[in-house]
Protein chains: 2
Amino acid sequence: MNIGEASAASGLPAKTIRYYEDIGLVRPGRGDNGYRDFVESDVHKLVFVARSRSLGFTVEECRHLLSLYEDRGRASADVKAMAREHLARIDRKIADLEGLRATLGALVERCHGDDRPDCPILERLSGGPAA
Amino acid sequence: MNIGEASAASGLPAKTIRYYEDIGLVRPGRGDNGYRDFVESDVHKLVFVARSRSLGFTVEECRHLLSLYEDRGRASADVKAMAREHLARIDRKIADLEGLRATLGALVERCHGDDRPDCPILERLSGGPAA
DNA sequence: CCTTGACCTTCCAGTTGCTGGAAGCCCCAT
DNA sequence: ATGGGGCTTCCAGCAACTGGAAGGTCAAGG
């Protein structure tokens, strides 16, 4: 199948699929006309990568997960370890964002937000105590 | 003062300060030797930008905040609106991450993580119902 | 047979926000 | 004058695509 169908089947833009080929995530065959030719297993891989990406794994992690997936004898412990690491990253990110949210939220609350020029947000950014 | 001192005073790497000059966030003067010459107000701006960035504003937003800050007659409503928008973005991001966390956390829980090859995480990535 | 339009190809550039490194001045102390 | 820092510029690269230009291919309609 052509890249357009592969795109429809996987939900990934054609551009992205070409990019994934560039970096060696998929290796579709080629027809006589030079068009890429995707078989079922290629599409399967694309879906796998799309799902992994949507869970926030980096492309390199996807590559790794893919290789684990294709290694029929691999241990699930490897996968679990990666997933756990990723989970920890997510938790850190959430914590960071919640800190931000608290700080910024407090500033927004204190800003009266009318047409007067004094503004606690700018004051804090400019010179107030950090954090 | 030289870029090194400005860096120490603002907490930003010299490289970053040069970059900020490149994109027009600061415009330090120059000495006869070609060295950048930062005055107090330049450092002040750098600190302002550093704080805004650390609150997660994009560089373009920092530029905007800076111009609002320098406009003595601006309305605090403008600032508040930007901050609120940013707050909404943060909230969306947190929600996304929490969704991820839930999905991935559930998968990790269900993965026994030993040396057997079957793994619910890979199964989900490969073909299970999409989140 | 020719044209039209959709689809495919490659390659180059741009995005965001820096960061690293190379090559080459400059300044100060010994 | 020599050494070691600090300063300058410019070029490249990170992630993960995305947009666009220039051109080849294919199927349908007239």
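Just so we're on the same page: letters track the sequence lines, and every chain starts at 1.
- Pairing each heavy atom of Ser10(B) with each of Ile17(B), the nearest pair is OG-CD1, 4.0 Å.
- Heavy-atom distances under 4.0 Å link DNA chain C to Thr58(B), Val59(B) of residues 56-63 of chain B, given in residue order.
- Glu70(B) is linked by a salt bridge (Lys or Arg N to Asp or Glu O under 4.0 Å) to Lys45(B), counting only residues two or more places apart in sequence or in another chain.
- A close approach under 4.0 Å does not occur between any side-chain nitrogen or oxygen of Arg36(A) and OP1 or OP2 of dC8(C).
- If you chain together hydrophobic residues whose side chains sit under 4.5 Å apart, Val39(A) and Leu46(A) never meet in one group.
- Under the 4.0 Å criterion applied to side-chain N and carboxylate O atoms, Glu61(A) and Arg53(A) are not assigned as salt-bridge partners.
- Salt-bridge formation is detected for the pair Asp91(B)/Arg101(A): a Lys NZ or Arg NE/NH1/NH2 atom is positioned less than 4.0 Å from an Asp or Glu carboxylate oxygen.
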List every contact pair, protein side and nucleotides 2-7 of chain C side both N or O, where the distance is under 3.5 Å.
none

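- For the helix from dC1(C)-dG30(D) to dT30(C)-dA1(D), the end axes, each set by the C1' atoms of five terminal pairs, are bent relative to each other by 30° (nearest 10°).
- Between His86(B) and Phe57(B), the ring planes are tilted. Angles from 30° to 60° get that label.
- A heavy atom lying under 4.0 Å from DNA chain C marks the following residues of residues 10-29 of chain A, by number: Lys15(A), Arg18(A).
- Between Arg36(B) and Met1(B), every side-chain heavy-atom pair lies at or beyond the 4.5 Å cut-off.
- Mapping heavy-atom proximity under 4.0 Å, the span of DNA chain D touched by chain B runs 5' to 3' from dG6(D) to dC10(D).
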